[in-house]
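Every chain is numbered from 1, with letters handed out A, B, ... down the list of sequences.
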Amino acid sequence: MTEIKRIRIAAFGKLKNFDMSFESGFNAIKEENGFGKTTVAAFIKAMFFGLEGGAKRAVDANARKKYTPWLADGKFGGSLELIHDGKTYIITRFFGKTAAGDIFELTDGAGIPCRDYGEDIGEKLLDVSADGFERCLYIPQSGIEVTGEESIKGKLRRLVENTEQGGDYDAAVARLNDYKNRLISPGRTRNLSVKTKAEQELSYARGEMTRALEAGRQAEEIRERIRGNNQEKLRLEENLARLKEKQRQNDELSAEERVRLAEKEKLGRRVEELRARCADFEARGVNVDDGYICGLREKMESLREAGRRDSAAADAEKRLSGLLEEKRSLEERHADVCDEYVNDLVEKNKEAVDAKTKAEVLKAEFDVRRKYGEGHNEAHRSAFMLMALLLPLLLLVGLFLFWNQTTLAVKIGVFILAAASIVGLIFYHKYQKNKKEYWLKKQNDSDELFKKAAVLHSQIAESFARSGITDGNFSVALAELQKMRARYRDILSECEASRAAAAERGCAGRYERELRGVFDAHGIDEADFDKALLALEIARANYRSAKKELEECAAKLAAASESRRADDFSGGIADIEARVAEITRADGRLHERLNVLEREADGVKDAEVTLAALGEKISRAVRGAELADKTAELLTLAKDNLANAFMPGIKENFLKYMSVVTDDKYNDAAVSDEFDIRLVEEGGGHDFGYFSRGTKDVAMFCLRLALIDVMYGDDLPFLLLDDPFVNADEGNFSRAMAVIKERAAKSQVIYFTCCSREVLNMKYKKCPVCDLNYISDEDELCSVCAGKSSSQSVKLGLSNKTSSSVFDPSLTVVVTVEKGVCRGKTGYLAYDEQKRNIGIVYSQDDPRTRRYGKAELSFYEEYENEFGAWRIIKRNGEYLAYETLQSLLDSRGRVTITTDARHR
Amino acid sequence: MEKKLFLHTADLHLDSALKNLGDAAKAAVRRRELTDTFARMAEYASSNGVSGVIVAGDMFDEGKTSAAAKRQAAEIMKKNGGVTFFLLSGNHDKRAFDDDFTAALPANAMALADGETVDFGSYTVTGVYGGAAVAPLDKDKFNIVVAHGQVDGDIKIRDYAGKNINYLALGHLHAYAKGKIDGRGVWVYSGCPEGRGFDETGEKGFVLFDTFGGEKFVPFCKRRAREVSVDITGLDNYISQVDAARRAVEHMPDGDMFKIVLRGELDEGVAADVAAVREGLGGRFFVRVTDETTIRLDEKRLLAEKSLKGEFFRAVKAAALPPEEKRVILKMGFAALDGTEICDD
């Protein structure tokens, strides 16, 4: 059991140079709000577990930051004195800005450094982690509410599981699922699973395998072909051998035959040579006839002619240019008028001349008339008319005068005469008029003719003027116009001729290309065509000569062959050798291809290895995933088992506490495996959220106690409460305090409060000496001031404590000086109350344990089921040092000791 | 009678895929080394006055031997023309001994026919397939019989007793072994000249025997396959684990192939760092590392522990699963609960 005796705060949060002592049992610490009760509780936790800080920036989440002394000159830390299993330890810690700057020291009650525990003293002594401490042994005022990153229910569940945050069932299963997904999940798009990646590689490797197998198949085909070729070669070589044998036999002929053979060979070689030469010539096409040569010469002549024409064409082009210029000029002068135009001019001229002539004749006539008769005629005409007019008039007058004196005949005659005069006058007048009109017309006609002649002359002059001819003489002008026209026609002809000449240009290039192509086809690259033609002729001559010689040699060879036809194997040998060579060449190519294919086919082995490795990888991944599933199943089973193991006890104890604290108001409730609480009120179960804050606080307190009971039984080290019932009514409060009192009888309870009612209910007055610790009404001094030893409180603690061991804790043994061996260790024999030698007491010789050098009891195997494997030895509640035991045995011969069934 | 020296080998498995190496590049190197070892044996035979090299089966592998491999083998034999090669096909290379191969064999190599006895004057060589019976041989000669199979399986030694056999050259087992046929002769497995996997560990080589009755095993392999168990109990960091592995193999040639099996007990939250050990033994031709460690468990504590971990331990212990699965499940479960990395073995 562990109890806190004293704390000394150098500086922690708002507290500086602060001391506080504690007693066994119930310790009520009443201080005002803002005193630092929570700081004290945090200090206690910090002494046991150190300070976390980490990277959390929020003050509430970062205890190191939160409790850094307000005053800069304060050394951040302090010490805590405790008693554990009868031994006093002093934990001293000072904290830096980071954990790297923290200082830890553990000493015993005498201040001597102690190696029984390290910085993890909290975990070792209290059997919980820092997180577990908050969940279990420390019940803060605000701890009952849902705060922080997860619910209290989650924390309680982890408490049941005895796991750390992140180490609980959910986190473990999540890790297993994550592991499984890493192995086989098909759905990952980034960071492919092992199986998916391997399957992709498998697909590629299969492709490689297929390609390699195909290469192998092709290689086999090629080998088959090579085998076929080899067989063919074998057959041919057999034939060749036979022929060569025969050939060899032929070689044994007479010298003459040999000479003939040599000559024949020579002829044969010459024939071959000439054949090759002729073939070359024929390939070059030099075997042309004379007509071809003539054709070429003509072409060359044409080329030359074309060259000349080219030159003429160039001149013609120049000339054409000038002619065109002159033609344009003449056209501007209308030299391009047609014959009709000229005829029209001539006609006009003739007409004009005629008109003028006529006009002059008429004018002459008129002039004559006018000169000679026109006035006389005029006087005559007037006298005549007057007389013509007067006469009748006189007659008439006379008639009238002498009407009665005249006879009828006279009258008629006068009338007739008057009438005749009038008529005659009229006719005369008309005659004269007509005559005048006639001459007038003649004058007009003459004028008209003159005008006409003038117009025509004007037109003619205008026409000539358009052509730039200004000579007034028609003939001269006409001649000039005709001359222009003739020149224009000449120019047209000349242009035609020049164009035709110019069109001839370029012919030479065409001939040249043609000739070049011809000579190139014949393999003659002379630039000069004359030389090229000469070369062609020479080549032709050479070809003919070679051909002739070939025919002669072939004839000779044939003649020679004919005489030896029966013995000739050379052709056959040559054929066979050629065929063999061909097969060998083909084999060479096949072997090259085969080498390539065989190299590719070798990839089958690599692909096999890769496929096998990938298959193995996939199998392992699948197997790993299966095992992960099985692990998760077993974890689930374990969780259920655990819940089933703990939950009934938790529920039972919870109901018990709720009933007591609420005075049976809530004597029925349901607690789920997830710590969801439903309280029964007025006959019905209601969700937790329906209830008041005070009821909730009480319920969570009861749940905590119930859980602690199950987890620790009566082996609770101590309990820290920081005003947990602030919202509870008086009744509940009193009853809760009763429960706490009952617990305080078994283990230390430290209760911080700012309310006096707690103090009224429990210990109220402070020790008059130290004015620090609270004492009951019955006490006068606190235990510290009274000098009470920690062993007493430990003894008290021990007497009230029940072991959580599954074995009988209350074992007292007698140790004798006789020695024995158990589990490889030598020690003093130990006897139980039935005087059975149940084991030995030996010295713990492992320097890594805190019980190093202490006496321990090891049970024989046959007593293991009854007592366990081993136990700690204590005397008067303290670890018994082995040396002490030895001393006692030396002096007394036997020692009675108690044993503790706990292993820790 | 002049003493004649013979070299007995078998199970070369030339051109073998070597799938169990799991590394195509290494497998390719190893394949070449199989052929190199055959070439070295042939050169050894030539240089040491060996009259005949007996290959008692499985010269090639799986019948998928490439033509190039066969050509290489024929070339090796041809190059050592002073030695006669006696070839017997085994259960793995029946198809490899096809017409092409036998036709390509040089003059100093022969494929033994079933029951055929080749007489060389002072000694004979008989090939036997499938444990077939052998007619009694000339007692005045040194009689060598070549067979491929399992003694007391398809090869009954008693069937060869009394047949005047001096040396029964066997192939099929990949390790050197020998026994007596009768008062006259011995049966010998030469084993394979190169270990191809970690099921063929130990020294490999060939057997040299002579007509005067001498016989000895000659270690000859280029690389040994070694399975090395390394106890990393209590070593809670990779540095110490790598050191332990290094110490375990420091006296062994770097060119060998290593399978390192990490064994022992590790504390909870501590894992065997397979990758680190593998990297730490880098520079060697081939290293495979497996983890067969167990968690150091205080079974009594766990059995009594009231926690998820304790309950899980009890559940695994009670589960009807093979021990190896339980080991892995415990490791996985504890790693998952402790928040440490879950590794596969």
Legend entry - Other residues, nucleotides, ligands: >12 heavy atoms within 6.0 Å of B:K259 NZ: yes

Inset, instruction - Count the heavy atoms of every other residue, nucleotide or ligand shown that sit under 6.0 Å from NZ of B:K326, and state whether that count exceeds 12. - result: yes

Legend entry - Interchain contact, B:L321 with chain A, by part (heavy-atom threshold 4.5 Å): side chain

Inset, instruction - State whether the number of non-hydrogen atoms from other residues, nucleotides or ligands found under 6.0 Å of B:E299 atom CD is greater than 12. - result: yes

Legend entry - Region of A:R223 in contact with chain B, defined by heavy-atom distances below 4.5 Å: side chain

Legend entry - Heavy-atom proximity to chain A below 4.5 Å, by part of B:N20: neither

Legend entry - Nearest heavy-atom neighbours spanning B:E311 and A:A638: CG-O, 3.0 Å

Legend entry - Nearest-0.5 Å distance, CG of residue A:L634 to CD1 of residue B:I329: 5.5 Å

Legend entry - Sidechain N-carboxylate O distance under 4.0 Å for B:D61, A:K605: no

Legend entry - Presence of salt bridge, B:E325 and A:K630, under 4.0 angstrom: yes

Legend entry - Separation between CG of B:L330 and OG1 of A:T631, rounded to the nearest 0.5 Å: 8.5 Å

Inset, instruction - Counting only heavy atoms closer than 4.5 Å, note whether B:A27 contacts chain A via side chain, backbone, both or neither. - result: side chain

Inset, instruction - Taking all non-hydrogen atoms of both residues into account, name the closest pair between A:L627 and B:V328 and its distance. - result: CD1-CG1, 3.5 Å

Legend entry - Structural part of A:E616 lying under 4.5 Å from a heavy atom of chain B: neither

Legend entry - Test salt bridge (charged side-chain N to carboxylate O under 4.0 Å, His left out) applied to B:R31 and A:D606, step by step: CA-CA 10 Å; B:R31 269 199 297 282; A:D606 291 344; 2.8 Å; yes

Inset, instruction - Evaluate whether atom OH of B:Y238 has more than 12 neighbouring non-hydrogen atoms of other residues, nucleotides or ligands under 6.0 angstrom away. - result: no

Inset, instruction - Look up atom CZ in A:R599 and atom OG in B:S66, then write down how far apart they are to the nearest 0.5 Å. - result: 12.5 Å

Legend entry - side chain to side chain contact (heavy atoms under 4.5 Å, CB included) between A:L637 and B:F312, intermediate numbers included: CA-CA 8 Å; A:L637 178 63; B:F312 172 70; over 6 Å; no

Inset, instruction - Could you go through the side chain to side chain contact (heavy atoms under 4.5 Å, CB included) check for A:V609 and B:D23 one step at a time? - result: CA-CA 7 Å; A:V609 175; B:D23 182 328; 5.5 Å; no

Legend entry - Point-to-point distance, once rounded to the nearest 0.5 Å, from CG of B:L337 to CG of A:L635: 5.0 Å

Legend entry - Side chain, backbone, both or neither of A:A628 within contact of chain B (heavy atoms, under 4.5 Å): both

Inset, instruction - Work out which heavy atom in B:G22 is nearest to a heavy atom in A:A613; give both atom names and the distance. - result: O-CB, 3.5 Å

Inset, instruction - Using a 4.5 Å cut-off on heavy atoms from C-beta on, say whether the side chain of B:M332 contacts that of A:R175. - result: no

Legend entry - Residue B:K222 excluded, over 12 heavy atoms near NZ under 6.0 Å: no

